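Everything on this sheet refers to the single structure shown next.
The first residue in the sequence is number 1, and the count goes up from there. Nothing here was measured: the structure is a model prediction, and the numbers come from that model.
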Amino acid sequence: MHNVDWQLEKIVTQLRATRETWRERNGRSRERGCRELPSRSAIRVITDDLIGALFPMRLGPSDLRRESEDFYVGHTLDATLNALCHEVCLELKYIARQLGRDAGDTQARAVEIVQGFAADLPKLRRQLDADVMAAYHGDPAARSVDEVLLCYPGVHAVIHHRIASYFYQEDLSLLARMIAEIAHSDTGIDIHPGATIGEGFFIDHGTGVVIGETAIIGNNVRLYQAVTLGAKRFPADERGHLEKGLPRHPIVADDVVIYAGATILGRITIGKGSIIGGNVWLTRSVEPGSNVTQANLQSGPCP
């Protein structure tokens, strides 16, 4: 195999020409010669370490002891927040370059963002505790809160979403999407970091769940596998490009349960306390306390 001629010189030359063509076509020919983008591998390590610091005795190192718990949390956060600050700084420079602006003091802005995130960590932990308890109480098969936290893909996805959401709100969409896509690739649950999700959220089983960018979910909501909270249509501008950021996903009020395979599309509202049955296709709002099934959708208005 060492004697095979892979024609590498020719391939490298052709790849360079292809890259230069793309850069010229997309206005990237004057980019700096170094890479200024957050690193996917670095973001995965950072996220894993943050989760370990949030739940040290269950998701931290296997040899951790209670007497060294605070030391581990402090040491881990010190290293992780510094690494996170570097990735935030890279995205801020990238945004400035894309907009043709002076990057200014990106380091100071990165520090400010990460300091805000660090200050929110106790609140984040309390939110996640509510999510874990919702999963424990919502699944009769759950034997303990430890089982829920260690094993449930829905909890894993929600932890990542709540971290990613902070950075999305700071307009760091690359970093936020990277964190969200870690959970997506690990669990098959796709939650856009722009989605707004209330307290006590539980996704049971979870595979195939999709929650769109502008979805709003209230408190104590439970979803099952293959549920889609999606858009019904995608308006385009005069040039035919899809318009960004329009509210196009559902609003799900408090105490709603949505069973497996349900597809809910458009900017509609699912009223408080409603139950949406399995495999329902829904494109209109329903009143609070509704019980929507395939049968009553076919026979008339939702109750």
Side-chain angles (χ1 to χ4, degrees), residues 123-124 126-142 148 152-155 157-159 161-162 164-165 168-169 180 189-235 245-303:
K123 175 185 173 183
L124 175 61
R126 290 190 293 271
Q127 286 181 311
L128 293 172
D129 284 345
D131 297 324
V132 170
M133 293 308 297
Y136 174 65
H137 291 303
D139 184 4
V148 165
Y152 279 37
V155 172
V158 171
I159 292 172
H161 172 74
R162 297 213 186 274
S165 178
Y168 184 85
Q169 291 171 29
I189 298 168
D190 184 1
I191 309 176
H192 193 285
T196 301
I197 299 178
E199 304 282 344
F201 181 55
F202 176 37
I203 303 173
D204 199 359
H205 305 295
T207 305
V209 165
V210 176
I211 301 174
E213 177 187 20
T214 64
I216 299 175
I217 298 174
N219 298 323
N220 305 314
V221 170
R222 184 162 80 248
L223 309 184
Y224 287 81
Q225 67 271 22
V227 166
T228 297
L229 303 180
K232 185 178 180 182
R233 59 178 63 88
F234 302 94
L246 297 177
R248 60 195 183 279
H249 300 102
I251 299 171
V252 179
D254 297 347
D255 305 314
V256 169
V257 179
I258 305 176
Y259 284 99
T263 299
I264 303 173
L265 303 180
R267 194 58 160 189
I268 62 175
T269 298
I270 308 302
K272 180 177 179 178
S274 294
I275 297 173
I276 309 301
N279 298 313
V280 162
W281 181 280
L282 194 59
T283 58
R284 56 187 170 87
S285 296
V286 299
E287 296 296 322
S290 296
N291 190 341
V292 182
T293 66
Q294 286 184 323
N296 61 35
L297 277 177
Q298 292 167 3
S299 61
C302 300

First locate atom [atom1] of [X], then atom [atom2] of [Y], and finally report the distance between them rounded to the nearest 0.5 Å.
X      : Y      : atom1 : atom2 : result
Ile251 : Ser285 : CD1   : OG    : 8.0 Å
Arg126 : Leu124 : CZ    : CG    : 10.0 Å
Arg233 : Thr283 : CZ    : OG1   : 9.0 Å
Thr228 : Trp281 : OG1   : CH2   : 8.0 Å
Leu229 : Ile258 : CG    : CD1   : 5.0 Å
Thr269 : Glu287 : OG1   : CD    : 9.5 Å

Where [X] and [Y] come nearest, the two heavy atoms and their spacing:
X      : Y      : answer
Pro193 : Ala164 : CB-CB, 3.9 Å
Phe202 : Ala134 : CD2-O, 3.9 Å
Ile268 : Leu282 : CD1-O, 3.9 Å
Ala180 : Ile191 : CB-O, 3.7 Å
Val155 : Ala135 : CG2-CB, 3.9 Å
Val292 : Val280 : O-CG2, 3.8 Å

Exercise for review: For the residue pair Ile276 and Val257, establish whether any side-chain heavy-atom pair is separated by less than 4.5 Å.
Suggested key: no
Check your understanding: Are Tyr259 and Asn279 linked by a side-chain donor-acceptor pair shorter than 3.5 Å?
Key -> no
Check your understanding: Stepwise, does the side-chain contact (heavy atoms from CB on, under 4.5 Å) test hold for Ile189 with Ile203?
Key -> CA-CA 9 Å; Ile189 298 168; Ile203 303 173; 4.0 Å; yes
Check your understanding: Any donor and acceptor pair, going by atom type alone, linking the side chain of Ser290 with main-chain N or O of Ile275 inside 3.5 Å?
Key -> no
Check your understanding: With no hydrogens and no angle check, is any side-chain donor or acceptor of Asp139 less than 3.5 Å from a backbone partner on Tyr136?
Key -> no
What pairs of donor and acceptor atoms, side-chain ones from residues 211-227 against any protein atom, are under 3.5 angstrom apart with sequence neighbours left out?
unit_1	atom_1	unit_2	atom_2	d
Glu213	OE1	Arg248	NH2	2.9
Glu213	OE2	Tyr168	OH	2.3
Thr214	OG1	Arg248	N	3.0
Thr214	OG1	His249	N	3.1
Thr214	OG1	His249	ND1	2.7
Asn219	OD1	Glu199	N	2.7
Arg222	NE	Tyr224	OH	3.0

